[in-house]
K.L.:
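Have a look at this one.
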Amino acid sequence: MPDSDIFPYRRINVVGTSASGKSTIASRLAERLGVAHIELDALHWQPGWTEAPTAVLRERVRDATDIPAWVVDGNYAGVRDIVWSRAQAVVWLDFPLWTILRRYAVRTRRRIANGEEIWPGTGNRERLSMHLLSRDSLLVWILTTYRRRRREYSVLLAQRPDLAVVRLRSAREAEMWLASVRP
């Protein structure tokens, strides 16, 4: 974790396992830096939980990141080349699995109980049936991608010396780092 309070980067990608808190940290970081927050899930998911075709998603990401300063949250491999070619830094939320599972449970319970629309205008709301242990369940996704993502990001980021990397290994470390960031 960098010691400096000054965070000079203005094009940042926040990555991590599903439910690690990417959107929350990215939103707060963007606010602290006074830059736009771009959520890849919001560009990916269309009404009725329909995924945007890859070409459409890539165009949306190109358009959204065609501004001088932003914080993008998300891990979509199909647009990583666009985001990382424009980014200056990556903030990696590399939290323990138990932290992610706890956050997943709390977030899911809240969203289902409140009937919260996840991305305004899409009508997309979480339902209990989405979280049962079906093949497409987010819980199954988290459990099956957690270790692979940790390995992949270690390799991918090592191959990108042009990107500054902030690897945060706990929620506490992330909070402390975020509190220290100054534009």
Side-chain angles (χ1 to χ4, degrees), residues 9-30 35-97 99-101 103-104 107-108 111 118-119 122 124 126 130-131 133-171 174:
Y9 308 106
R10 295 295 174 267
R11 292 186 310 278
I12 303 141
N13 184 202
V14 178
V15 300
T17 299
S18 298
S20 60
K22 294 181 300 293
S23 296
T24 300
I25 293 289
S27 175
R28 291 173 59 201
L29 179 59
V35 303
H37 171 222
I38 301 163
E39 187 179 0
L40 292 184
D41 280 343
L43 301 177
H44 174 78
W45 290 107
Q46 302 181 125
W49 290 104
T50 303
E51 296 180 60
T54 301
V56 171
L57 177 60
R58 289 179 63 79
E59 188 61 33
R60 289 175 180 171
V61 170
R62 270 190 216 95
D63 290 347
T65 60
D66 194 22
I67 57 176
W70 41 258
V71 177
V72 167
D73 75 71
N75 299 315
Y76 290 89
V79 296
R80 184 181 299 127
D81 63 315
I82 298 168
V83 175
W84 284 13
S85 70
R86 296 174 176 192
Q88 297 168 306
V90 172
V91 175
W92 177 14
L93 304 182
D94 186 20
F95 298 166
L97 182 58
T99 299
I100 292 163
L101 293 175
R103 287 180 171 205
Y104 162 78
R107 178 183 85 176
T108 299
R111 285 180 173 175
I118 302 173
W119 303 286
T122 63
N124 294 339
E126 291 191 23
M130 297 170 67
H131 297 282
L133 294 177
S134 74
R135 192 181 92 205
D136 297 325
S137 149
L138 183 56
L139 178 57
V140 169
W141 176 259
I142 291 167
L143 293 171
T144 59
T145 61
Y146 177 77
R147 284 185 181 82
R148 180 182 51 137
R149 280 221 184 187
R150 292 185 87 204
R151 285 189 309 268
E152 284 177 355
Y153 275 109
S154 291
V155 171
L156 289 168
L157 291 168
Q159 295 170 350
R160 294 297 307 262
D162 57 312
L163 292 172
V165 177
V166 177
R167 186 175 184 178
L168 303 168
R169 296 178 188 260
S170 72

K.L.:
Measure the spacing between CD1 of I67 and CZ of R10 and express it to the nearest 0.5 Å.
P.N.:
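So the gap between those two atoms works out to 13.0 Å.
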
K.L.:
OG/S18 to CZ/R103 distance, rounded to the nearest 0.5 angstrom?
P.N.:
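One finds 13.0 Å between OG of S18 and CZ of R103.
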
K.L.:
Where the side chain of S27 meets the backbone of T24, is there a donor-acceptor pair that is under 3.5 Å apart?
P.N.:
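Such a contact is absent between S27 side chain and T24 backbone.
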
K.L.:
In Å, rounded to the nearest 0.5 Å, how long is the span from CH2 of W45 to OG1 of T122?
P.N.:
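If we round to the nearest 0.5 Å, W45:CH2 and T122:OG1 are 10.5 Å apart.
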
K.L.:
Using modelled atom types only, decide if a donor and an acceptor are shared between the side chain of T65 and the backbone of V61 within a distance under 3.5 Å.
P.N.:
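Yes; judged by distance alone, with no hydrogens or angles, the pair exists.
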
K.L.:
For atom CH2 of W141, decide whether the heavy atoms of other residues, nucleotides or ligands shown that lie under 6.0 angstrom number more than 12.
P.N.:
no

K.L.:
With rounding to the nearest 0.5 Å, note down the distance linking CZ in R107 to CD1 in I100.
P.N.:
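Answer for the CZ-CD1 pair, R107 versus I100, is 11.0 Å.
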
K.L.:
Can you find a side-chain donor-acceptor pair between W84 and N13 that sits under 3.5 Å?
P.N.:
yes

K.L.:
Of the non-hydrogen atoms in A52 and Q46, which two are nearest, and what is the gap between them?
P.N.:
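Result for this residue pair: CA-NE2, 3.6 Å.
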
K.L.:
Evaluate side chain to side chain contact (heavy atoms under 4.5 Å, CB included) for I118 paired with W49, printing each intermediate quantity in order.
P.N.:
CA-CA 10 Å; I118 302 173; W49 290 104; 3.5 Å; yes

K.L.:
Can you find a pair of side-chain heavy atoms, one from E152 and one from N75, that are under 4.5 Å apart?
P.N.:
no

K.L.:
Over 60° means perpendicular and under 30° means parallel, so tell me whether Y153 and W92 are parallel, tilted or perpendicular.
P.N.:
tilted

K.L.:
Kindly indicate, with the supporting measurements, whether the criterion salt bridge (charged side-chain N to carboxylate O under 4.0 Å, His left out) is fulfilled by E59 and R62.
P.N.:
CA-CA 5 Å; E59 188 61 33; R62 270 190 216 95; 3.2 Å; yes

K.L.:
To the nearest 0.5 angstrom, please state how far the NZ atom of K22 sits from the CG atom of L29.
P.N.:
15.0 Å

K.L.:
Check R58 against G78 and note the closest heavy-atom contact, atom names and distance.
P.N.:
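Looking at all heavy atoms of both residues, the closest pair is NH1-O, 2.6 Å.
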
K.L.:
Which atom pair, heavy atoms only, marks the closest approach of E39 to S23?
P.N.:
OE2-OG, 3.3 Å

K.L.:
For the backbone of L97 and the side chain of Y146, can you confirm whether one donor and one acceptor N or O come within less than 3.5 Å of each other?
P.N.:
yes

K.L.:
Donor-acceptor check, side chain of N124 to backbone of G48, threshold 3.5 angstrom: yes or no?
P.N.:
yes

K.L.:
If I compare all heavy atoms of A42 with all of W119, which pair ends up nearest, and what's the gap?
P.N.:
CB-CD1, 3.4 Å

K.L.:
From the options D94, V90, V72, V83, select the one residue that forms a side-chain contact (heavy atoms from CB on, under 4.5 Å) with V15.
P.N.:
V90

K.L.:
Measuring from R86:CZ to I12:CD1, what's the distance to the nearest 0.5 Å?
P.N.:
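These two atoms lie 16.0 Å from each other.
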
K.L.:
With a 3.5 Å distance limit and no angle check, can you tell me whether R60 reaches the backbone of H44 through a side-chain donor-acceptor pair?
P.N.:
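Not at all, since once roles are kept as given, no pair shorter than 3.5 Å links the two residues.
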
K.L.:
Taking side chain as C-beta onward, heavy atoms only, is L40 less than 4.5 Å from L43?
P.N.:
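Side-chain contact under 4.5 Å: yes.
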
K.L.:
Does D73 use its side chain to pair, donor to acceptor, with the backbone of V14 at less than 3.5 Å?
P.N.:
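Here the side-chain-to-backbone pair does not exist.
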
K.L.:
Any side-chain to backbone donor/acceptor pair from T17 onto S20? Under 3.5 Å, distance only.
P.N.:
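Pair absent, no side-chain N/O of T17 close to backbone of S20.
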
